[in-house]
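Just so it is clear, the model here is predicted, and its values are computed rather than measured. Counting starts at 1 for both ligands and their atoms, following the listed order.
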Amino acid sequence: MKYQDTIDFIRSLYKTDEFISLHAPVFRGNEKTYLNECIDSTFVSSVGKFVDRFENMVAEFVGAKFAIATVNGTAALHIALKLVGVDKESEVITQPLTFIATCNAISYCNAKPVFVDVDKDTMGLSPESLAAFLKEYTAMQNGICINKMTGRKIGAVVPMHTFGHPCRIDKIAKTCNKYNIPLIEDAAESLGSYYRGKHTGTFGKISAFSFNGNKTITTGGGGMIVTDNEKLAKRAKHITTTAKIPHPHEYLHDEIGYNYRLPNINAALGCAQMEKLAEILANKRETAEAYRRYFSKRADISFCSEPEGATSNYWLNAIILENTRERDVFLKESNDAGVMTRPIWRLMNRLGMFKNALHGSLENAHWLESRVVNIPSGVRSRIKK
Ligand SMILES: *Cc1c(COP(=O)(O)O)cnc(C)c1O
């Protein structure tokens, strides 16, 4: 087998002959204690102390003023977009190289995604491509950025920090300011990732995090809306909790709201996971460093290291194979050998639902799509020195 050596190396890292998954969660803290507290108190649903505690822990960790927990990351993105006014008259600029949730959330607002290329090194939205697209295709009308071809407003820009590697978010933020477009960060994959010392998800107006089972930490399913804007935070909480007006006993709702609140039982898991986050991040960095060293000795595979100026959480380690044929050989050999690997996502503009979406040149996205593979990245129980 052509890639036996790499498969053996991954096995040596994880020290097991059994199946190695891409990213299994680990529960080695207070998870069971907190879950039992929920059950004993009967507060398992959408009201309970763990929800507040989890929100405070995340807000403090990322350095944001407000955090509002949601049932999942997609719901957090949906509400983030809705709160900045994305609607059926809007186009939302995002990257084609992302998980489907980004485009689903845009679609839930009845808006249209527009795809702009990524950078090869960050795999996230390219600030240069964004600026070029806005310059060529848009005009300002009464302070609103309008697509000259369609007449629709650019309702938001949604970059995504791919696999935890921060994109050049400072430059993207600057361009968004210049064109008066709300910046929404899809930070679903980047809890614990920083760009020039500032946590991802704190550069835009609002951001969304995910705590799905395969993410850096998990609440089973869960998400978080993060913002520094008090008004948006209050709106986010209101609209994710059925838009109920506080009253001792009456059911009064002042708009169509959502039942997007995170249950207490999931938040309990989140609190226990947050207590271990620093340890989890350190463990994952060691794994990434071991991969980096190993792949630096191979001419045919390159390892995706954290971009310049960034600290990555290395959520999912990624490698770049020489071409699609080699990628497919690697995928087959590794998965057949019980070492789970996965190709990067199919580009969004190649899926049926978005095949007519507007897009600029997507050269880098296509290049990465045909070569990038994710390799096992979960926390290792015993670190090999
Ligand atoms: C995980 C993820 C989300 C949110 O997913 P949920 O499963 O709804 O929590 C959103 N965007 C990206 C890029 C993701 O990876």
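- No donor-acceptor contact under 3.5 angstrom links the side chains of Glu289 and Tyr314, judged on distance only.
- When only interatomic distances are considered, the shortest N/O to N/O separation between Asp186 and ligand 1 falls below 3.5 Å.
- At the top of the distance list for atom 3 (C) of ligand 1, counting protein heavy atoms only, stands Ala188 CB, 3.4 Å.
- For the pair Val157/Leu125, a side-chain contact is recorded, criterion being any heavy-atom separation below 4.5 Å from C-beta on.
- Here the heavy atom of the protein found nearest to atom 8 (O) of ligand 1 is Thr74 OG1, 2.5 Å.
- Under the side-chain hydrogen bond (donor to acceptor under 3.5 Å, both in side chains) criterion, Asp52 pairs with no residue at all, not counting sequence neighbours.
- Contact atoms of ligand 1 toward Met160: 13 (C) (distance under 4.0 Å to a heavy atom of the residue).
- Side-chain atoms of Phe330 and Arg325, non-hydrogen and from C-beta on, never get closer than 4.5 Å to each other.
- By the 3.5 Å distance cut-off applied to N or O atoms, Trp315 is not counted among the residues near ligand 1.
- Close approach of ligand 1 to Asn72 (heavy-atom distance below 4.0 Å) involves ligand atoms 8 (O), 9 (O).
- Atom numbering of ligand 1 starts at 1 in the shown order; those under 4.0 Å from a heavy atom of Thr98 are 13 (C).
- For ligand 1, the atoms closer than 4.0 angstrom to any heavy atom of Phe99 are 2 (C), 12 (C), 13 (C), 14 (C), 15 (O).
- If you number the atoms of ligand 1 from 1 as listed, the ones under 4.0 Å from a heavy atom of Ala101 come out as 3 (C), 10 (C), 11 (N).
- In this structure, the side chains of Tyr108 and Leu77 stay at 4.5 Å or more apart for every pair of heavy atoms.
- Remark: the Arg285 side chain and the Asn313 side chain contain no N/O donor-acceptor pair separated by less than 3.5 Å.
- Aromatic ring centroids of Phe133 and His359 lie 6.0 Å or more apart.
- The aromatic rings of Tyr194 and His199 lie perpendicular to each other, with more than 60° between the two planes, well past the 30° mark.
- Residue Phe211 has no N or O atom closer than 3.5 Å to an N or O atom of ligand 1.
- Considering backbone and side-chain N/O atoms, Lys215 comes within less than 3.5 Å of an N/O atom of ligand 1.
- Near Ser210, with a cut-off below 4.0 Å to any heavy atom, the atoms of ligand 1 are 1 (C), 4 (C), 5 (O), 6 (P), 9 (O).
- In terms of protein heavy-atom proximity, atom 15 (O) of ligand 1 is nearest to Glu189 OE2, 2.5 Å.
- Using bins of under 30°, 30° to 60° and over 60° for the plane-to-plane angle, the ring pair Tyr260/His78 lands in the perpendicular bin.
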